[in-house]
There are 2 protein chains.
Amino acid sequence: MTPDVTAPSRTTYRDVRAAILSRITDGTWGAGTILPSEMELAEAFGCARATVNRAMREIEEMGLVERKRKSGTRVRAAPVRQARFEIPLVGDEIAANGGTYRYALVSTATLPAPDWLRGRMGLGAGDRVVHVTAMHYADGAPHQFEDRWINATALPEVLEASFDKQGPTEWLIAAVPYSEVEIGLMAVAAEGPLCDHLGHAPGAPVFRVERTTWWQGQAITHVRLNHAPGYRMTTRY
Amino acid sequence: MTPDVTAPSRTTYRDVRAAILSRITDGTWGAGTILPSEMELAEAFGCARATVNRAMREIEEMGLVERKRKSGTRVRAAPVRQARFEIPLVGDEIAANGGTYRYALVSTATLPAPDWLRGRMGLGAGDRVVHVTAMHYADGAPHQFEDRWINATALPEVLEASFDKQGPTEWLIAAVPYSEVEIGLMAVAAEGPLCDHLGHAPGAPVFRVERTTWWQGQAITHVRLNHAPGYRMTTRY
DNA sequence: ATAGATATTATGTCTATACATAATGAGGTT
DNA sequence: AACCTCATTATGTATAGACATAATATCTAT
(Lines give C-alpha, C1' and ligand atoms only; values in the text may rest on other atoms or scores of the structure.)
Protein backbone atom coordinates (compact mmCIF):
# COMPACT_ATOMS: atom_id res chain seq x y z
CA MET A 1 0.00 0.00 0.00
CA THR A 2 0.82 3.68 -0.03
CA PRO A 3 2.86 3.63 -3.21
CA ASP A 4 5.50 6.26 -2.74
CA VAL A 5 5.00 8.92 -5.34
CA THR A 6 8.20 10.83 -4.71
CA ALA A 7 10.76 8.02 -4.54
CA PRO A 8 12.50 9.49 -1.48
CA SER A 9 15.93 8.10 -2.26
CA ARG A 10 18.87 9.98 -0.82
CA THR A 11 21.21 12.25 -2.68
CA THR A 12 24.10 10.22 -3.98
CA TYR A 13 27.57 11.43 -4.80
CA ARG A 14 26.66 10.87 -8.42
CA ASP A 15 23.82 13.35 -8.15
CA VAL A 16 26.11 15.89 -6.58
CA ARG A 17 28.82 15.27 -9.14
CA ALA A 18 26.37 15.68 -12.01
CA ALA A 19 24.94 18.86 -10.53
CA ILE A 20 28.35 20.45 -10.04
CA LEU A 21 29.52 19.28 -13.43
CA SER A 22 26.59 20.77 -15.25
CA ARG A 23 27.08 24.10 -13.52
CA ILE A 24 30.67 24.07 -14.75
CA THR A 25 29.95 22.94 -18.28
CA ASP A 26 27.05 25.33 -18.79
CA GLY A 27 29.20 28.24 -17.74
CA THR A 28 27.41 29.12 -14.49
CA TRP A 29 30.69 28.52 -12.72
CA GLY A 30 33.19 29.78 -15.28
CA ALA A 31 36.94 29.40 -15.25
CA GLY A 32 38.49 30.87 -12.12
CA THR A 33 35.31 30.67 -10.07
CA ILE A 34 35.74 29.42 -6.54
CA LEU A 35 33.04 26.92 -5.70
CA PRO A 36 31.13 27.01 -2.42
CA SER A 37 32.81 25.02 0.33
CA GLU A 38 31.98 21.37 0.92
CA MET A 39 29.97 22.34 3.98
CA GLU A 40 27.86 24.82 2.06
CA LEU A 41 27.28 22.44 -0.80
CA ALA A 42 26.40 19.62 1.57
CA GLU A 43 23.78 21.81 3.13
CA ALA A 44 22.49 22.97 -0.24
CA PHE A 45 22.21 19.42 -1.55
CA GLY A 46 20.94 18.05 1.74
CA CYS A 47 23.64 15.45 2.17
CA ALA A 48 26.73 14.74 4.23
CA ARG A 49 30.01 16.49 3.59
CA ALA A 50 31.67 13.17 2.71
CA THR A 51 29.27 12.82 -0.19
CA VAL A 52 30.18 16.23 -1.58
CA ASN A 53 33.83 15.42 -0.95
CA ARG A 54 33.73 12.34 -3.08
CA ALA A 55 31.95 14.15 -5.89
CA MET A 56 34.48 16.99 -5.84
CA ARG A 57 37.43 14.63 -5.66
CA GLU A 58 36.26 12.88 -8.79
CA ILE A 59 35.76 16.15 -10.61
CA GLU A 60 39.27 17.10 -9.62
CA GLU A 61 40.47 13.75 -11.02
CA MET A 62 38.89 14.69 -14.33
CA GLY A 63 41.05 17.78 -14.36
CA LEU A 64 38.22 20.31 -14.28
CA VAL A 65 38.91 21.87 -10.90
CA GLU A 66 41.85 22.46 -8.63
CA ARG A 67 41.53 21.98 -4.90
CA LYS A 68 43.66 23.47 -2.19
CA ARG A 69 43.24 23.43 1.54
CA LYS A 70 41.95 26.63 2.96
CA SER A 71 41.70 28.25 -0.50
CA GLY A 72 38.92 25.99 -1.65
CA THR A 73 37.98 24.56 -5.03
CA ARG A 74 38.44 26.63 -8.16
CA VAL A 75 37.48 25.94 -11.75
CA ARG A 76 40.63 25.52 -13.82
CA ALA A 77 41.43 28.19 -16.37
CA ALA A 78 43.24 25.86 -18.74
CA PRO A 79 41.85 22.37 -18.74
CA VAL A 80 44.86 20.14 -18.07
CA ARG A 81 42.91 17.59 -19.96
CA GLN A 82 44.15 14.12 -19.74
CA ALA A 83 43.31 11.63 -22.37
CA ARG A 84 42.89 8.09 -21.21
CA PHE A 85 43.45 5.38 -23.74
CA GLU A 86 42.68 1.79 -23.04
CA ILE A 87 45.46 -0.46 -24.29
CA PRO A 88 44.01 -3.97 -24.38
CA LEU A 89 45.52 -7.10 -25.87
CA VAL A 90 45.37 -6.96 -29.66
CA GLY A 91 43.19 -10.03 -29.76
CA ASP A 92 40.69 -8.56 -27.32
CA GLU A 93 40.67 -5.27 -29.18
CA ILE A 94 39.87 -6.96 -32.46
CA ALA A 95 37.25 -9.23 -30.92
CA ALA A 96 35.64 -6.22 -29.23
CA ASN A 97 35.21 -4.64 -32.65
CA GLY A 98 33.52 -7.78 -33.93
CA GLY A 99 36.47 -8.98 -35.98
CA THR A 100 38.14 -12.36 -36.24
CA TYR A 101 41.60 -12.49 -34.75
CA ARG A 102 44.51 -14.51 -36.04
CA TYR A 103 48.06 -14.73 -34.74
CA ALA A 104 51.14 -15.81 -36.67
CA LEU A 105 54.70 -16.12 -35.47
CA VAL A 106 57.21 -14.63 -37.87
CA SER A 107 60.59 -15.25 -36.28
CA THR A 108 62.41 -15.97 -33.02
CA ALA A 109 66.06 -15.69 -32.20
CA THR A 110 68.31 -15.59 -29.16
CA LEU A 111 71.17 -13.12 -29.35
CA PRO A 112 73.26 -10.65 -27.35
CA ALA A 113 71.34 -7.43 -26.77
CA PRO A 114 72.14 -4.83 -29.43
CA ASP A 115 73.46 -1.48 -28.23
CA TRP A 116 70.33 0.59 -28.74
CA LEU A 117 68.34 -1.94 -26.73
CA ARG A 118 70.90 -2.11 -23.94
CA GLY A 119 70.48 1.63 -23.50
CA ARG A 120 66.74 1.48 -23.49
CA MET A 121 66.42 -1.48 -21.15
CA GLY A 122 69.46 -0.78 -19.03
CA LEU A 123 71.10 -4.11 -19.80
CA GLY A 124 74.70 -5.15 -19.24
CA ALA A 125 77.21 -6.10 -21.91
CA GLY A 126 76.80 -9.85 -21.48
CA ASP A 127 73.00 -9.93 -21.34
CA ARG A 128 71.23 -12.04 -23.91
CA VAL A 129 67.76 -11.38 -25.26
CA VAL A 130 65.11 -13.27 -27.16
CA HIS A 131 63.85 -11.43 -30.21
CA VAL A 132 60.36 -12.33 -31.39
CA THR A 133 58.48 -10.91 -34.34
CA ALA A 134 54.88 -11.79 -34.99
CA MET A 135 51.82 -10.69 -36.91
CA HIS A 136 48.31 -10.01 -35.70
CA TYR A 137 45.51 -10.14 -38.25
CA ALA A 138 41.96 -8.80 -38.08
CA ASP A 139 39.53 -10.55 -40.44
CA GLY A 140 42.46 -11.86 -42.43
CA ALA A 141 43.94 -8.42 -43.03
CA PRO A 142 47.24 -7.34 -41.42
CA HIS A 143 46.58 -5.35 -38.28
CA GLN A 144 49.73 -5.16 -36.23
CA PHE A 145 53.37 -6.16 -36.56
CA GLU A 146 54.87 -6.97 -33.18
CA ASP A 147 58.62 -6.60 -32.71
CA ARG A 148 59.53 -7.73 -29.21
CA TRP A 149 62.68 -8.19 -27.15
CA ILE A 150 62.68 -10.17 -23.92
CA ASN A 151 65.45 -10.12 -21.32
CA ALA A 152 66.65 -13.73 -21.12
CA THR A 153 68.96 -13.00 -18.22
CA ALA A 154 66.12 -11.84 -16.01
CA LEU A 155 63.68 -14.38 -17.40
CA PRO A 156 65.53 -17.56 -18.42
CA GLU A 157 62.25 -19.47 -18.87
CA VAL A 158 61.79 -17.55 -22.10
CA LEU A 159 64.46 -19.71 -23.71
CA GLU A 160 62.14 -22.71 -23.40
CA ALA A 161 59.08 -20.88 -24.60
CA SER A 162 57.66 -21.40 -28.06
CA PHE A 163 55.60 -18.63 -29.52
CA ASP A 164 54.02 -20.78 -32.21
CA LYS A 165 50.49 -20.71 -30.97
CA GLN A 166 50.56 -18.11 -28.24
CA GLY A 167 51.76 -14.53 -28.67
CA PRO A 168 54.61 -13.29 -26.50
CA THR A 169 52.27 -10.83 -24.77
CA GLU A 170 50.04 -13.62 -23.50
CA TRP A 171 53.07 -15.63 -22.43
CA LEU A 172 54.51 -12.67 -20.53
CA ILE A 173 51.24 -11.95 -18.77
CA ALA A 174 51.27 -15.47 -17.42
CA ALA A 175 54.97 -15.41 -16.56
CA VAL A 176 55.41 -11.99 -14.94
CA PRO A 177 53.26 -10.28 -12.35
CA TYR A 178 52.25 -6.67 -12.68
CA SER A 179 55.00 -4.34 -13.48
CA GLU A 180 56.11 -0.81 -14.16
CA VAL A 181 55.55 0.38 -17.69
CA GLU A 182 56.62 3.16 -20.00
CA ILE A 183 54.57 3.77 -23.12
CA GLY A 184 55.52 5.95 -26.05
CA LEU A 185 53.47 6.81 -29.11
CA MET A 186 55.06 8.00 -32.32
CA ALA A 187 54.96 8.12 -36.09
CA VAL A 188 57.80 6.43 -37.95
CA ALA A 189 58.64 5.64 -41.56
CA ALA A 190 57.99 2.07 -42.70
CA GLU A 191 61.08 0.03 -43.49
CA GLY A 192 62.31 -3.55 -43.59
CA PRO A 193 60.07 -6.50 -42.69
CA LEU A 194 57.40 -4.07 -41.58
CA CYS A 195 56.58 -3.16 -45.17
CA ASP A 196 56.27 -6.79 -46.24
CA HIS A 197 54.01 -7.75 -43.39
CA LEU A 198 51.78 -4.72 -43.01
CA GLY A 199 51.57 -3.75 -46.66
CA HIS A 200 53.13 -0.35 -46.15
CA ALA A 201 55.13 1.22 -48.95
CA PRO A 202 58.69 1.93 -47.82
CA GLY A 203 58.77 5.31 -46.07
CA ALA A 204 55.01 5.36 -45.44
CA PRO A 205 53.85 6.64 -42.05
CA VAL A 206 53.43 3.96 -39.37
CA PHE A 207 51.71 4.50 -36.06
CA ARG A 208 53.89 2.84 -33.44
CA VAL A 209 53.29 2.08 -29.78
CA GLU A 210 56.50 1.40 -27.90
CA ARG A 211 56.38 -0.16 -24.49
CA THR A 212 59.09 -1.03 -22.01
CA THR A 213 58.24 -3.08 -18.97
CA TRP A 214 60.12 -3.43 -15.70
CA TRP A 215 59.58 -5.74 -12.81
CA GLN A 216 61.19 -4.92 -9.51
CA GLY A 217 63.57 -2.49 -11.13
CA GLN A 218 64.69 -4.87 -13.85
CA ALA A 219 63.76 -4.40 -17.49
CA ILE A 220 61.82 -7.43 -18.72
CA THR A 221 60.73 -6.61 -22.21
CA HIS A 222 60.64 -3.93 -24.86
CA VAL A 223 58.11 -4.07 -27.66
CA ARG A 224 57.29 -2.09 -30.78
CA LEU A 225 53.74 -2.46 -31.96
CA ASN A 226 53.52 -1.22 -35.53
CA HIS A 227 50.07 -0.67 -36.94
CA ALA A 228 48.61 -1.09 -40.38
CA PRO A 229 47.91 2.04 -42.44
CA GLY A 230 44.89 4.01 -41.30
CA TYR A 231 45.10 2.98 -37.65
CA ARG A 232 43.81 5.52 -35.14
CA MET A 233 43.83 5.46 -31.39
CA THR A 234 40.79 7.31 -30.10
CA THR A 235 39.11 8.28 -26.90
CA ARG A 236 36.10 10.36 -26.00
CA TYR A 237 34.98 12.03 -22.80
CA MET B 1 58.04 16.29 26.49
CA THR B 2 57.73 12.55 26.10
CA PRO B 3 58.80 12.41 22.48
CA ASP B 4 56.77 9.60 21.00
CA VAL B 5 59.14 6.99 19.68
CA THR B 6 56.63 4.93 17.76
CA ALA B 7 54.65 7.68 15.99
CA PRO B 8 51.33 5.92 16.55
CA SER B 9 49.63 7.37 13.48
CA ARG B 10 46.70 5.45 12.10
CA THR B 11 46.65 3.28 9.03
CA THR B 12 45.78 5.41 6.04
CA TYR B 13 44.18 4.28 2.82
CA ARG B 14 47.56 4.95 1.21
CA ASP B 15 49.20 2.42 3.50
CA VAL B 16 46.57 -0.14 2.66
CA ARG B 17 46.77 0.63 -1.05
CA ALA B 18 50.55 0.26 -1.03
CA ALA B 19 50.39 -2.98 0.92
CA ILE B 20 47.84 -4.54 -1.43
CA LEU B 21 49.66 -3.24 -4.47
CA SER B 22 52.96 -4.71 -3.43
CA ARG B 23 51.36 -8.09 -2.81
CA ILE B 24 50.01 -7.97 -6.35
CA THR B 25 53.16 -6.76 -8.04
CA ASP B 26 55.43 -9.19 -6.21
CA GLY B 27 53.26 -12.07 -7.26
CA THR B 28 51.94 -13.08 -3.84
CA TRP B 29 48.49 -12.47 -5.19
CA GLY B 30 48.86 -13.60 -8.79
CA ALA B 31 46.42 -13.18 -11.64
CA GLY B 32 43.06 -14.74 -10.86
CA THR B 33 43.54 -14.65 -7.10
CA ILE B 34 40.54 -13.51 -5.11
CA LEU B 35 41.60 -11.07 -2.43
CA PRO B 36 40.33 -11.30 1.13
CA SER B 37 37.11 -9.39 1.69
CA GLU B 38 37.13 -5.78 2.82
CA MET B 39 36.10 -6.86 6.29
CA GLU B 40 38.95 -9.32 6.59
CA LEU B 41 41.50 -6.84 5.26
CA ALA B 42 40.19 -4.13 7.55
CA GLU B 43 40.72 -6.41 10.50
CA ALA B 44 44.15 -7.46 9.26
CA PHE B 45 45.28 -3.89 8.74
CA GLY B 46 43.57 -2.64 11.89
CA CYS B 47 41.46 -0.02 10.18
CA ALA B 48 37.88 0.65 9.16
CA ARG B 49 36.29 -1.02 6.19
CA ALA B 50 35.83 2.34 4.48
CA THR B 51 39.59 2.74 4.45
CA VAL B 52 40.11 -0.59 2.74
CA ASN B 53 37.28 0.25 0.40
CA ARG B 54 38.93 3.41 -0.81
CA ALA B 55 42.25 1.66 -1.30
CA MET B 56 40.63 -1.13 -3.30
CA ARG B 57 38.56 1.27 -5.38
CA GLU B 58 41.69 3.10 -6.43
CA ILE B 59 43.45 -0.11 -7.33
CA GLU B 60 40.43 -1.03 -9.41
CA GLU B 61 40.68 2.36 -11.11
CA MET B 62 44.24 1.52 -12.08
CA GLY B 63 42.93 -1.55 -13.84
CA LEU B 64 44.72 -4.12 -11.71
CA VAL B 65 41.72 -5.77 -10.09
CA GLU B 66 38.09 -6.38 -10.90
CA ARG B 67 35.45 -6.05 -8.24
CA LYS B 68 32.01 -7.59 -8.17
CA ARG B 69 29.45 -7.71 -5.44
CA LYS B 70 29.27 -10.98 -3.66
CA SER B 71 32.10 -12.47 -5.74
CA GLY B 72 34.73 -10.20 -4.28
CA THR B 73 37.88 -8.67 -5.69
CA ARG B 74 39.99 -10.63 -8.13
CA VAL B 75 43.35 -9.82 -9.70
CA ARG B 76 42.87 -9.29 -13.40
CA ALA B 77 44.33 -11.88 -15.76
CA ALA B 78 44.96 -9.44 -18.60
CA PRO B 79 45.77 -5.98 -17.43
CA VAL B 80 43.32 -3.72 -19.25
CA ARG B 81 46.01 -1.18 -18.84
CA GLN B 82 45.00 2.32 -19.52
CA ALA B 83 47.57 4.84 -20.52
CA ARG B 84 46.91 8.33 -19.33
CA PHE B 85 48.44 11.12 -21.32
CA GLU B 86 48.34 14.70 -20.21
CA ILE B 87 47.47 16.99 -23.07
CA PRO B 88 48.41 20.49 -21.94
CA LEU B 89 48.49 23.69 -23.96
CA VAL B 90 51.48 23.65 -26.33
CA GLY B 91 52.91 26.72 -24.64
CA ASP B 92 52.72 25.14 -21.20
CA GLU B 93 54.19 21.90 -22.49
CA ILE B 94 57.19 23.68 -23.96
CA ALA B 95 57.67 25.90 -20.93
CA ALA B 96 57.49 22.84 -18.66
CA ASN B 97 60.41 21.34 -20.59
CA GLY B 98 62.40 24.50 -20.05
CA GLY B 99 62.01 25.79 -23.59
CA THR B 100 61.06 29.19 -24.95
CA TYR B 101 57.69 29.29 -26.62
CA ARG B 102 56.74 31.39 -29.63
CA TYR B 103 53.46 31.58 -31.49
CA ALA B 104 52.90 32.73 -35.05
CA LEU B 105 49.68 33.03 -36.97
CA VAL B 106 49.90 31.62 -40.48
CA SER B 107 46.48 32.21 -41.98
CA THR B 108 42.83 32.85 -41.25
CA ALA B 109 39.83 32.57 -43.52
CA THR B 110 36.06 32.39 -43.27
CA LEU B 111 34.37 29.96 -45.61
CA PRO B 112 31.58 27.43 -45.98
CA ALA B 113 32.42 24.19 -44.21
CA PRO B 114 33.98 21.65 -46.60
CA ASP B 115 32.25 18.31 -46.90
CA TRP B 116 34.71 16.23 -44.88
CA LEU B 117 34.42 18.69 -42.02
CA ARG B 118 30.63 18.79 -42.16
CA GLY B 119 30.63 15.07 -41.65
CA ARG B 120 33.07 15.19 -38.79
CA MET B 121 31.45 18.06 -36.96
CA GLY B 122 27.87 17.31 -37.91
CA LEU B 123 27.35 20.69 -39.59
CA GLY B 124 24.55 21.74 -41.95
CA ALA B 125 24.94 22.76 -45.58
CA GLY B 126 24.81 26.50 -44.89
CA ASP B 127 27.18 26.55 -41.90
CA ARG B 128 30.24 28.73 -42.16
CA VAL B 129 33.51 28.09 -40.40
CA VAL B 130 36.66 30.01 -39.59
CA HIS B 131 39.82 28.24 -40.65
CA VAL B 132 42.97 29.16 -38.73
CA THR B 133 46.45 27.80 -39.23
CA ALA B 134 49.27 28.68 -36.90
CA MET B 135 52.73 27.63 -35.84
CA HIS B 136 54.10 26.89 -32.40
CA TYR B 137 57.85 27.07 -31.91
CA ALA B 138 60.05 25.70 -29.15
CA ASP B 139 63.38 27.52 -28.79
CA GLY B 140 62.99 28.90 -32.29
CA ALA B 141 62.53 25.48 -33.87
CA PRO B 142 59.19 24.37 -35.36
CA HIS B 143 57.27 22.28 -32.87
CA GLN B 144 53.67 22.05 -33.95
CA PHE B 145 51.55 23.10 -36.91
CA GLU B 146 47.98 23.81 -35.83
CA ASP B 147 45.20 23.46 -38.38
CA ARG B 148 41.93 24.51 -36.81
CA TRP B 149 38.32 24.93 -37.86
CA ILE B 150 35.82 26.81 -35.72
CA ASN B 151 32.05 26.70 -36.13
CA ALA B 152 31.06 30.30 -36.84
CA THR B 153 27.36 29.51 -36.75
CA ALA B 154 27.55 28.26 -33.18
CA LEU B 155 30.14 30.83 -32.16
CA PRO B 156 29.65 34.05 -34.16
CA GLU B 157 32.09 35.95 -31.92
CA VAL B 158 34.88 34.11 -33.69
CA LEU B 159 34.34 36.32 -36.74
CA GLU B 160 35.55 39.32 -34.73
CA ALA B 161 38.48 37.49 -33.15
CA SER B 162 42.02 38.11 -34.30
CA PHE B 163 44.53 35.36 -33.72
CA ASP B 164 47.56 37.60 -34.23
CA LYS B 165 48.88 37.47 -30.72
CA GLN B 166 46.83 34.79 -29.07
CA GLY B 167 46.45 31.25 -30.37
CA PRO B 168 42.97 29.93 -31.16
CA THR B 169 43.22 27.43 -28.33
CA GLU B 170 43.63 30.16 -25.73
CA TRP B 171 40.83 32.16 -27.31
CA LEU B 172 38.49 29.16 -27.23
CA ILE B 173 39.28 28.38 -23.62
CA ALA B 174 38.18 31.86 -22.68
CA ALA B 175 35.13 31.80 -24.96
CA VAL B 176 33.67 28.36 -24.34
CA PRO B 177 33.09 26.54 -21.05
CA TYR B 178 34.08 22.95 -20.58
CA SER B 179 32.94 20.63 -23.25
CA GLU B 180 32.82 17.13 -24.60
CA VAL B 181 35.90 16.04 -26.48
CA GLU B 182 37.00 13.32 -28.86
CA ILE B 183 40.71 12.80 -29.34
CA GLY B 184 42.36 10.72 -32.02
CA LEU B 185 46.03 9.90 -32.48
CA MET B 186 47.44 8.82 -35.80
CA ALA B 187 50.38 8.82 -38.19
CA VAL B 188 49.92 10.60 -41.51
CA ALA B 189 52.11 11.49 -44.47
CA ALA B 190 53.35 15.09 -44.61
CA GLU B 191 51.91 17.19 -47.42
CA GLY B 192 51.15 20.79 -48.35
CA PRO B 193 51.86 23.66 -45.96
CA LEU B 194 52.77 21.20 -43.28
CA CYS B 195 56.06 20.38 -45.01
CA ASP B 196 57.01 24.03 -45.38
CA HIS B 197 56.28 24.90 -41.78
CA LEU B 198 57.49 21.84 -39.91
CA GLY B 199 60.43 21.00 -42.14
CA HIS B 200 59.08 17.56 -43.07
CA ALA B 201 59.93 16.08 -46.45
CA PRO B 202 56.78 15.37 -48.45
CA GLY B 203 55.46 11.95 -47.47
CA ALA B 204 57.41 11.86 -44.22
CA PRO B 205 55.61 10.44 -41.17
CA VAL B 206 53.82 13.05 -39.04
CA PHE B 207 52.41 12.41 -35.59
CA ARG B 208 48.99 14.01 -35.51
CA VAL B 209 46.58 14.65 -32.65
CA GLU B 210 43.06 15.31 -33.84
CA ARG B 211 40.53 16.77 -31.51
CA THR B 212 36.86 17.59 -31.95
CA THR B 213 35.05 19.55 -29.27
CA TRP B 214 31.35 19.83 -28.58
CA TRP B 215 29.42 22.04 -26.23
CA GLN B 216 25.89 21.13 -25.36
CA GLY B 217 25.63 18.78 -28.28
CA GLN B 218 26.95 21.25 -30.84
CA ALA B 219 30.34 20.87 -32.49
CA ILE B 220 32.46 23.91 -31.74
CA THR B 221 35.85 23.18 -33.18
CA HIS B 222 37.97 20.58 -34.91
CA VAL B 223 41.74 20.78 -34.78
CA ARG B 224 44.67 18.88 -36.23
CA LEU B 225 47.87 19.26 -34.28
CA ASN B 226 50.74 18.13 -36.47
CA HIS B 227 54.06 17.58 -34.78
CA ALA B 228 57.63 18.10 -35.89
CA PRO B 229 59.70 15.01 -36.78
CA GLY B 230 60.82 12.98 -33.81
CA TYR B 231 57.89 13.90 -31.56
CA ARG B 232 56.87 11.26 -29.00
CA MET B 233 54.00 11.22 -26.60
CA THR B 234 55.04 9.28 -23.52
CA THR B 235 53.72 8.21 -20.17
CA ARG B 236 55.00 6.06 -17.37
CA TYR B 237 53.29 4.32 -14.49
C1' DA C 1 16.29 -33.11 -12.07
C1' DT C 2 14.60 -28.50 -12.73
C1' DA C 3 12.64 -24.10 -11.72
C1' DG C 4 11.64 -20.76 -8.56
C1' DA C 5 11.95 -18.65 -3.94
C1' DT C 6 15.10 -17.39 -0.28
C1' DA C 7 19.25 -16.71 2.35
C1' DT C 8 23.87 -15.21 2.28
C1' DT C 9 27.73 -12.53 1.11
C1' DA C 10 30.83 -8.79 -0.61
C1' DT C 11 30.76 -4.64 -2.37
C1' DG C 12 28.50 0.14 -2.83
C1' DT C 13 27.23 4.12 -0.58
C1' DC C 14 25.47 7.54 3.04
C1' DT C 15 25.77 9.61 7.67
C1' DA C 16 27.65 11.93 11.64
C1' DT C 17 31.58 12.87 14.00
C1' DA C 18 36.27 13.67 14.82
C1' DC C 19 40.78 15.11 14.17
C1' DA C 20 44.75 16.27 10.83
C1' DT C 21 46.92 19.44 7.76
C1' DA C 22 47.95 23.04 4.53
C1' DA C 23 47.38 27.66 3.46
C1' DT C 24 45.97 32.12 4.42
C1' DG C 25 45.36 36.24 6.94
C1' DA C 26 45.46 39.08 11.09
C1' DG C 27 48.08 41.04 14.87
C1' DG C 28 51.71 42.33 17.11
C1' DT C 29 56.82 42.96 17.64
C1' DT C 30 61.17 44.47 16.02
C1' DA D 1 58.49 47.44 6.17
C1' DA D 2 59.92 42.91 7.57
C1' DC D 3 59.12 39.11 10.45
C1' DC D 4 57.15 36.21 13.60
C1' DT D 5 53.04 33.93 16.00
C1' DC D 6 48.59 32.40 16.09
C1' DA D 7 43.83 31.91 14.77
C1' DT D 8 40.91 30.59 11.03
C1' DT D 9 39.33 27.99 7.27
C1' DA D 10 38.65 24.42 3.64
C1' DT D 11 40.06 20.32 2.42
C1' DG D 12 41.95 15.49 3.68
C1' DT D 13 41.08 11.43 5.93
C1' DA D 14 39.58 7.86 9.60
C1' DT D 15 35.68 5.65 12.04
C1' DA D 16 31.48 3.15 13.37
C1' DG D 17 27.24 2.12 12.00
C1' DA D 18 23.59 1.52 8.75
C1' DC D 19 21.18 0.18 4.73
C1' DA D 20 21.25 -0.86 -0.47
C1' DT D 21 22.25 -3.89 -4.20
C1' DA D 22 24.12 -7.39 -7.11
C1' DA D 23 25.39 -11.93 -7.49
C1' DT D 24 25.77 -16.37 -5.90
C1' DA D 25 24.47 -20.43 -3.21
C1' DT D 26 20.98 -23.08 -1.13
C1' DC D 27 16.74 -24.83 -0.26
C1' DT D 28 12.07 -26.27 -1.65
C1' DA D 29 8.28 -27.69 -4.35
C1' DT D 30 7.11 -29.71 -8.42
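Within every chain, numbering begins at 1; the chains are lettered A, B, ... in the order of the sequence lines, protein sequences first and strands thereafter. Hydrogens, waters and symmetry mates are skipped; everything else that's a heavy atom, side chains included, is used.
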To the nearest Å, how far apart are [X] [atom1] and [N] [atom2]?
| X | N | atom1 | atom2 | value |
| --- | --- | --- | --- | --- |
| A:E38 | C:dA18 | CD | P | 18 Å |
| B:I34 | D:dA23 | CD1 | C1' | 12 Å |
| B:M39 | C:dG12 | CE | P | 15 Å |
| A:E61 | D:dG12 | CD | P | 12 Å |
| B:N53 | D:dA14 | CG | P | 12 Å |
| B:E43 | D:dT15 | CD | P | 13 Å |
| B:E58 | C:dG12 | CD | P | 13 Å |
| B:K70 | C:dA10 | NZ | P | 7 Å |

Practice problem: In plain terms, say whether A:E61 and B:R84 are close enough for a salt bridge, that is, a side-chain N and a carboxylate O under 4.0 Å apart. | Solution: yes
Exercise. On DNA chain C, check which nucleotide each of A:R49 and A:R14 is closest to and give me the residue with the more 5' one.
Key: A:R14
Quiz item: Taking the nucleotide of DNA chain C with the closest heavy atom to each, which residue, B:E60 or A:A50, is nearer the 5' end?
Solution: B:E60
Practice problem: Specify whether A:Y103 and A:H136 have parallel, tilted or perpendicular ring planes, treating 30° as the upper limit for parallel and 60° as the lower limit for perpendicular. | Solution: tilted
Does a side-chain N or O of [X] approach OP1 or OP2 of [N] to a distance below 4.0 Å, or not?
| X | N | answer |
| --- | --- | --- |
| B:K68 | D:dT24 | yes |
| A:R10 | C:dC14 | no |
| A:R69 | D:dG12 | no |
| A:T51 | C:dT13 | no |
| A:T73 | D:dA10 | no |

Self-check item: Flag if over 12 foreign heavy atoms under 6.0 Å of CZ, B:R74
Solution: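 Not buried by this count: 12 neighbours or fewer within 6.0 Å.
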Self-check item: Where at least one partner belongs to residues 38-74 of chain A, residue pairs that pass ring pair (Phe, Tyr, Trp, His ring centres under 6.0 Å), sequence neighbours excluded
Solution: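 Output for this query is empty, none listed.
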Quiz item: Taking the side chain of A:Y13 as its heavy atoms from C-beta onward, which of C:dT15, C:dT11, C:dT13 lies nearest to it?
Solution: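 When the side chain of A:Y13 is considered, C:dT13 is the closest of C:dT15, C:dT11, C:dT13.
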Practice problem: Would you confirm whether the ring centroid of A:Y137 sits within less than 6.0 angstrom of the ring centroid of A:H143? | Solution: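 So the answer is no for these two rings.
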